[in-house]
Amino acid sequence: MIYREYGKTGKKVSLLGFGGMRFKNIDDHDECVRLLVAAAEGGINYFDTAPGYFDIKSETVFGKAFAEMRKKGLPYFSATKTFESTEDGIRREIEAQLKRLNIDVIDFYHIWCITSLDNWENRKKAGVLQTFLKLKEEGLIKHICISSHLIKNEIKELLLEDIIEGVLFGYSAYNFKTRQEAFDAIKEKKLGAVVMNPLGGGVIPDHPELFKFITREGESVTAAALRVLWDHPEITNTLVGFDTIEHLNDALQAMKDYKPRTLAELEEVKSKAGASFEGICTGCAYCVTSGISECPVNIPIPQYMDAYNQKLLNKHSNDPIGDRLKWHWNMDKLDAAKCTECGLCEKACTQHIDIIKRLKEISK
């Protein structure tokens, strides 16, 4: 296992992490605990969950696993999150979380799911940063982190807060173009960087031919998707939502056989991404940030196009667009119906996507 420094915290975390959102049967606590303990025995020491995963059941399972890890002398770091922003709300949440997780202090506590800069400003006004500082001073949390789905330069705004020590965000071969400014800020501020959805929410293993450009000879697309992220020196940890021991063992083997690319080789892989995704929005956000276009009715076009991608790629959902909007972006389909068909976004789109047509389809 490879371990990297988490920002300026002095903590060394495993480059491969365990995300607690994909258990096959969350009600089989014994099986879930065995999976978590097996991960720790394999060298994983970063375990991330949230109160919204399986309606708090994930945190409960993690708590039982942490107790077992302590018995076995296995090291671990705990990471979880809160939607709450007020001091009263956060304190109620963390009190319950500490009990479920069976610990006295949370190592990495995240301000969870920041979906817009307005949302971020409102949460700051509600006192979220001051409360997190108090929790740290009181010894209830060790490190203040944020979790966000913002794209392009917007996420950089969150990282400029001096008290932030680490960030969790989505990144994979599926959206290489959307994070460079985030990585620039991570390096500048010396932050810990944990990435979720390294397999593109299942999109990458479901479409091996589409993502063949990331593979090397004899390499599976799943292993390649993880390794190409491990090649990024800015990334501290990649979270995988393991559901079976087989998937865990596959990831551990990918780590064991890992041979890093040079930075030049990594840039070559990233340069191939755009040409590989004909018809799929890569999230560059030029439709709203190029200077050519500024949506007159403020439709969050990149988020809607990302959700439409799921219709093209996701084989496992009855409502892939709706699921993506609800669970990833915390949005609904209503704003898509506001489109005035002015065409500014399509003029700016470097991929020449039929944005207006897609917005109509989403709204219906």
Side-chain angles (χ1 to χ4, degrees), residues 113-120 148-157 169-182 196-197 200-204 206-207 209-211 213 270-364:
C113 202
I114 301 161
T115 55
S116 70
L117 291 180
D118 285 343
N119 173 267
W120 177 233
S148 175
H149 294 294
L150 292 179
I151 60 176
K152 208 166 169 61
N153 63 322
E154 288 187 336
I155 197 171
K156 184 176 180 179
E157 297 300 314
F169 58 88
Y171 183 64
S172 70
Y174 174 45
N175 62 356
F176 277 150
K177 290 187 176 182
T178 67
R179 296 303 187 197
Q180 189 53 54
E181 292 188 44
M196 54 185 161
N197 295 323
V203 166
I204 294 173
D206 281 348
H207 299 82
E209 287 301 313
L210 186 63
F211 291 91
F213 70 93
K270 291 166 72 172
S271 70
K272 295 176 181 177
S276 300
F277 300 141
E278 185 176 355
I280 299 172
C281 175
T282 59
C284 70
Y286 289 156
C287 55
V288 292
T289 64
S290 66
I292 297 173
S293 167
E294 183 174 340
C295 179
V297 288
N298 297 316
I299 295 174
I301 297 170
Q303 288 88 330
Y304 279 116
M305 294 303 101
D306 170 80
Y308 194 90
N309 284 347
Q310 303 306 305
K311 176 188 175 182
L312 303 176
L313 296 171
N314 193 323
K315 300 177 181 179
H316 305 299
S317 172
N318 292 326
D319 182 16
I321 295 175
D323 287 346
R324 184 71 165 182
L325 289 172
K326 180 178 180 181
W327 300 112
H328 188 83
W329 293 112
N330 192 28
M331 293 165 50
D332 57 34
K333 302 176 183 179
L334 296 180
D335 278 349
K338 297 178 182 177
C339 178
T340 63
E341 302 184 32
C342 69
L344 290 174
C345 55
E346 292 189 356
K347 183 179 179 182
C349 179
T350 59
Q351 296 176 258
H352 309 294
I353 290 172
D354 294 328
I355 296 173
I356 294 171
K357 181 179 178 181
R358 292 187 183 188
L359 287 174
K360 284 183 178 180
E361 188 172 340
I362 290 169
S363 68
K364 292 178 181 178

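If you read the sequence from its start, that first residue is 1, and numbering goes on from there. None of the values given here were measured: they were computed from a predicted structure.
Contact record, Ile321 with Ala307: CG1-O, 3.5 Å, taken as the closest heavy-atom pair. Contact detail for Ile299 and Ala336: the closest heavy-atom pair is CD1-O, 4.4 Å.
A donor-acceptor pair under 3.5 Å is formed between the side chain of Glu346 and the backbone N or O of Ile356. No donor-acceptor pair under 3.5 Å is formed between the side chain of Tyr308 and the backbone N or O of Glu361.
For the atom pair Cys287 SG and Ile301 CD1, the distance stands at 5.0 Å (nearest 0.5 Å). Rounding to the nearest 0.5 angstrom, the gap separating the NZ atom in Lys338 from the OG atom in Ser363 is 12.5 Å. For the atom pair Lys311 NZ and Asp323 CG, the distance stands at 14.5 Å (nearest 0.5 Å). Remark: Ile362 CD1 to Asp332 CG distance equals 11.5 Å, nearest 0.5 Å. Taken to the nearest 0.5 Å, the CZ atom of Phe213 stands 9.0 Å off from the OG atom of Ser271. Here the CG atom belonging to Asn330 is positioned 12.0 Å from the CD1 atom belonging to Ile114, to the nearest 0.5 angstrom.
Electrostatic pairing of Asp319 and Lys333 counts as a salt bridge here, judged by a charged N lying under 4.0 Å from a carboxylate O. The pair Arg324-Asp306 meets the salt-bridge criterion, with a side-chain N (NZ, NE, NH1 or NH2) lying under 4.0 Å from an Asp/Glu carboxylate O.
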**Request:** Take Tyr171 and Asn197 through the test side chain to side chain contact (heavy atoms under 4.5 Å, CB included) and record every step on the way to the result.
**Result:** CA-CA 6 Å; Tyr171 183 64; Asn197 295 323; over 6 Å; no

**Request:** Could you check Leu344 against Cys295 for side chain to side chain contact (heavy atoms under 4.5 Å, CB included), going step by step and ending with a plain yes or no?
**Result:** CA-CA 7 Å; Leu344 290 174; Cys295 179; over 6 Å; no

**Item:** Test side chain to side chain contact (heavy atoms under 4.5 Å, CB included) applied to Gln303 and His328, step by step
**Value:** CA-CA 9 Å; Gln303 288 88 330; His328 188 83; over 6 Å; no

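Contact check for Val297 versus Cys339: no side-chain heavy atoms found under the 4.5 Å cut-off. Using a 4.5 Å cut-off on side-chain heavy atoms (C-beta onward), Pro300 and Met331 make contact. Side-chain contact between Met305 and Leu359 is present, with at least one heavy-atom pair separated by less than 4.5 Å. By the 4.5 Å heavy-atom criterion applied to side chains, Ile355 and Tyr304 are not counted as neighbours.
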